[in-house]
Amino acid sequence: MRFFMPLSLLACLLALLVLRGLATNEAFHDSRIAISVDKTTVPENLLKGGPVIDARGAKNEQPASYHIPDRTAVLSFDDGPSPEWTPKILEVLAARDIRADFFVTGAMTTRNPELIRQIVAGGHELGVHTFTHPDLVYQSRARIGWELAQTQLALAGVAGVHSALFRPPYSSDATAMDDWNYPVIKYVGARGYLTAFIDRDTDDWKRPGVDAIVKAAMPAKPGAGALILLHDAGGDRSQTLTALVQIIDRLQAQGYRFTTISEALGASSATVPVDGFQLWAGKGFIWATQAAVLTLPVLVGLLAVVGFLNFGRFALMLVLAPIHARRSRRGDAWGPPVTEPVTVLVPAYNERECIANTLQSLAASDHPIEVIVVDDGSTDGTADIVEEMDLPFVRLIRQVNGGKSSALNTGIAAASHDIIVMMDGDTVFEPSTVRELVQPFGDPAIGAVAGNAKVGNRESLIGAWQHIEYVLGHNLDRRMYDMLGVIPTIPGAVGAFRKEALRQVGGMSDDTLAEDTDITMAVLCEGWRIVYAENARAWTEAPASLQQLWSQRYRWSYGSMQAMWKHRRAVTARGPAGRFGRVGLPLVVLFGVIAPLLAPLVDLFLLYGVLFGDAPITLTSWGGFILLQAVLSWYAFRLDREKPWHLISLPIQQLVYRQLMYIVLLQSAITAMTGGRLRWQKLRRTGEVAVPVEA
């Protein structure tokens with residue numbers, strides 16, 4: 001169920017793209033045209049017969065053919081309706097009280113529903129000319145059936161009718177039937193269609209000139225019946241329109257009457273009304289298609305927003321990250337060195353696998369510390385392990401389970417020093433981490449410092465993907481936000497606060513599931529400066545399975561949205577809160593919520609382009625995006641002094657991991673908008689993370 005709503009939303013968007021592609025004849029478009037001369041399987045009576053083929057009989061029954069009666073002419077128009085030329089042709093026919101046959105495509109029908117209704121209202125006969133106008137010789141029977149059914153669905157939706165007439169695309173007269181297209185005619189006949197070829201092909205689509213079109217329309221023998229092919233769509237039909245008047249005048253002068261195919265054969269009209277399910281299914285199809293056509297410009301606009309936000313974020317990173325790196329390398333950027341002892345808080349709930357590694361890493365710290373472990377009602381003996389270690393610099397406080405915020409507030413109240421470092425119970429510090437983390441407090445304006453959280457269990461594929469995300473998506477982001485003075489989140493794994501700043505904001509809050517983001521925004525709103533200490537590295541155990549990753553990121557995303565909503569009034573506030581509200585909060589919303597929420601459009605258009613559009617251009621564009629990501633990732637790894645070999649998995653990460661993050665964010669947004677509640681979810685830990693030897 002956790003995937004159902006976001007995946008359903010993405011599937012609906014993809015369906016809209018496909019429907020729009022069908023309506024514009026982009027989806028499933030096949031431009032191949034068959035050329036064959038063999039006629040060994042075509043019955044002789046059909047090759048020498050009339051243009052109308054009836055293959056609707058029993059399987060072994062010989063198809064029949066019919067001629068148009070003498071002194072009778074049928075005007076037929078293919079490929080429409082066209083909003084430019086079909087109305088003009090209808091005007092000519094109405095002025096002369098002539099009815100004709102219009103073989104329409106489903107794609108043009110969905111785009112021009114009013115013209116179909118005008119054709120039916122004028123007494124003309126409709127015929128099916130497939131939906132996307134492919135040469136059916138190259139299509140499977142399933143595709144042929146789909147082309148017919150979708151066109152009938154479109155006709156039912158726009159005019160409440162079906163048609164029993166069919167004309168294959170790229171058709172000619174009956175003598176042109178061959179071993180390739182004859183099976184198609186039999187298959188279509190078995191589905192109840194009468195196939196209408198032609199007697200006279202005007203080739204008007206080639207624009208040979210009005211006189212040539214008129215000449216080609218004249219019957220081969222004086223007085224012979226004629227089924228004449230013209231086109232009312234597909235290009236400039238001005239010559240067709242002019243020639244049509246002359247064709248009518250000339251044939252009427254020769255005593256011809258004009259009628260429809262069905263009437264010429266003495267049959268009832270092939271255009272019949274439908275009702276019930278067929279009618280409403282057709283209406284639903286048309287409504288959905290029209291909605292898709294109207295929605296596409298919106299989706300394209302949103303895609304442009306995604307591009308603008310992503311490239312804007314990349315540009316800010318590339319400009320600001322090097323400045324931050326140079327400042328960090330100076331070493332004296334914060335003022336006098338900070339040497340006084342600090343308090344390290346370790347909130348712990350069922351951390352028996354990790355707590356020993358965590359405390360042992362703190363024992364190696366090269367900065368004077370006191371450590372307060374707040375056991376938040378653990379049931380796995382975490383507190384017993386802390387007591388057994390009996391480390392002199394560690395104080396253990398046991399409390400009834402109240403959540404991470406409650407445990408941190410307990411530790412803050414018990415802290416002996418003015419600077420408080422916070423870390424998770426599954427994290428290990430390097431010996432220099434605390435020292436590097438607290439040096440910025442040499443500047444009295446700084447109220448908090450974000451450290452550099454690193455993925456310790458990065459050898460698995462999931463771990464490697466998170467490693468890339470941490471280096472690129474978290475730490476490079478923090479460099480950018482640091483230079484803008486609006487870091488929105490101090491990671492719970494490694495962060496430090498001035499005790500006075502915590503006092504001013506009332507300590508840690510349990511209003512959200514992202515207490516680290518909540519407290520960071522609160523400190524910013526109080527006017528304190530927050531910076532990023534890249535050399536304060538902490539090694540954390542990232543989720544080792546997709547299920548655990550989902551649980552963690554779902555909580556992060558939902559909690560971050562809660563924190564943004566909680567601090568929304570900062571947008572209109574004055575002073576430091578207003579600066580964060582009008583600079584930091586919009587950036588966080590744009591880069592952290594809107595851009596990721598809209599990012600699936602990139603993949604939807606990619607999928608659509610590969611399946612239905614120009615696949616080479618689509619894949620080249622996607623490859624360019626991946627290359628840009630790779631370059632930016634390599635640069636981020638270089639700034640963090642990380643070996644770049646994990647970037648080998650970047651293309652797979654973009655195909656799998658990124659999609660999972662989309663779904664997580666979509667599900668979080670849906671939960672937030674529907675007023676759902678999300679509980680804290682404890683992840684399983686293995687205790688495998690330790691400080692790397694090379695560090």
Side-chain angles (χ1 to χ4, degrees), residues 11-30 56 77-83 86 101-121 124-136 139-169 184-185 187-196 232-233 262 269-296 608 611-612:
C12 287
L13 290 176
L14 181 59
L16 285 175
L17 286 179
V18 173
L19 280 174
R20 183 264 174 191
L22 286 171
T24 58
N25 210 20
E26 291 177 0
F28 304 110
H29 181 67
D30 189 343
R56 296 176 296 180
F77 300 88
D78 280 9
D79 299 346
S82 160
T86 303
D101 282 79
F102 288 82
F103 288 87
V104 299
T105 67
M108 296 296 282
T109 297
T110 59
R111 285 149 60 186
N112 304 288
E114 183 56 37
L115 291 178
I116 297 295
R117 290 190 280 268
Q118 288 181 26
I119 291 171
V120 174
H124 305 288
E125 194 166 51
L126 289 171
V128 174
H129 199 45
T130 73
F131 200 96
T132 62
H133 203 272
D135 191 329
L136 298 182
Q139 312 308 318
S140 66
R141 289 195 170 186
R143 171 69 183 274
I144 295 172
W146 179 89
E147 290 279 346
L148 300 174
Q150 295 300 106
T151 306
Q152 297 283 26
L153 199 61
L155 291 176
V158 301
V161 298
H162 276 179
S163 174
L165 271 181
F166 167 73
R167 176 175 287 166
V184 174
I185 304 307
Y187 175 71
V188 171
R191 296 177 67 92
Y193 288 89
L194 198 66
T195 300
D232 63 330
S262 297
S269 176
T271 304
V272 296
V274 295
D275 55 19
F277 174 78
Q278 292 178 325
L279 176 63
W280 288 106
K283 288 183 179 295
F285 176 73
I286 293 300
W287 290 335
T289 303
Q290 291 175 342
V293 172
L294 295 174
T295 301
L296 183 71
Y608 179 83
L611 294 178
F612 310 120

Legend entry - Glu125 side chain vs Ser269 backbone, donor-acceptor pair below 3.5 Å: no

Inset, instruction - Nearest 0.5 Å please: distance from the CH2 atom of Trp146 over to the CG atom of Leu153. - result: 10.5 Å

Legend entry - side chain to side chain contact (heavy atoms under 4.5 Å, CB included) assessment of Phe285 paired with Gln150: CA-CA 9 Å; Phe285 176 73; Gln150 295 300 106; 3.3 Å; yes

Inset, instruction - Measure the CD-CG distance between Gln118 and Leu115 for me, rounded to the nearest 0.5 Å. - result: 5.5 Å

Inset, instruction - Check whether any side-chain N or O of Ser163 sits under 3.5 Å from a backbone N or O of Leu126 as a donor-acceptor pair, and report yes or no. - result: yes

Inset, instruction - Check whether any side-chain heavy atom of Leu136 lies under 4.5 Å from a side-chain heavy atom of Phe166, and answer yes or no. - result: yes

Inset, instruction - Could you tell me which non-hydrogen atom of Met108 sits nearest to which non-hydrogen atom of Gly80, and how far apart they are? - result: CB-O, 3.4 Å

Inset, instruction - Flag the pair Leu155 / Thr271 as yes when at least one side-chain heavy-atom distance between them is below 4.5 Å, and no otherwise. - result: no

Legend entry - Nearest-0.5 Å distance, CZ of residue Phe131 to OG1 of residue Thr110: 4.5 Å

Legend entry - Arg117 side chain to Val158 backbone, donor-acceptor under 3.5 Å: yes

Legend entry - Thr86 side-chain N/O to Pro83 backbone N/O, donor-acceptor pair under 3.5 Å: no

Legend entry - Side chains of Ser82 and Asp232, donor plus acceptor under 3.5 Å: no

Inset, instruction - Check the pair Gln278 / His162 against side chain to side chain contact (heavy atoms under 4.5 Å, CB included), numbers first and verdict last. - result: CA-CA 9 Å; Gln278 292 178 325; His162 276 179; 3.8 Å; yes

Inset, instruction - Taking the side chain as every heavy atom from C-beta outward, state whether Asp78 and His133 have any atom pair closer than 4.5 Å. - result: no

Inset, instruction - Please report the closest heavy-atom contact between Ser262 and Ala270, naming both atoms and the distance. - result: OG-N, 3.2 Å

Legend entry - Derivation and outcome, side chain to side chain contact (heavy atoms under 4.5 Å, CB included), residues Val188 and Arg191: CA-CA 5 Å; Val188 171; Arg191 296 177 67 92; 5.7 Å; no

Legend entry - Taking every non-hydrogen atom, the tightest pair across Ala196 and Phe103: CB-CZ, 3.7 Å

Legend entry - Chi angles and distances behind the side chain to side chain contact (heavy atoms under 4.5 Å, CB included) call for Arg143, Thr132: CA-CA 11 Å; Arg143 171 69 183 274; Thr132 62; 3.1 Å; yes

Legend entry - Member of Thr151, Asp79, Thr105, Thr109 meeting the side-chain hydrogen bond (donor to acceptor under 3.5 Å, both in side chains) criterion with His129: Asp79

Inset, instruction - Check Arg56 against Tyr193 and note the closest heavy-atom contact, atom names and distance. - result: CG-O, 3.4 Å

Legend entry - For Ile119 against Pro81, the heavy-atom pair lying closest together: CD1-CB, 4.5 Å

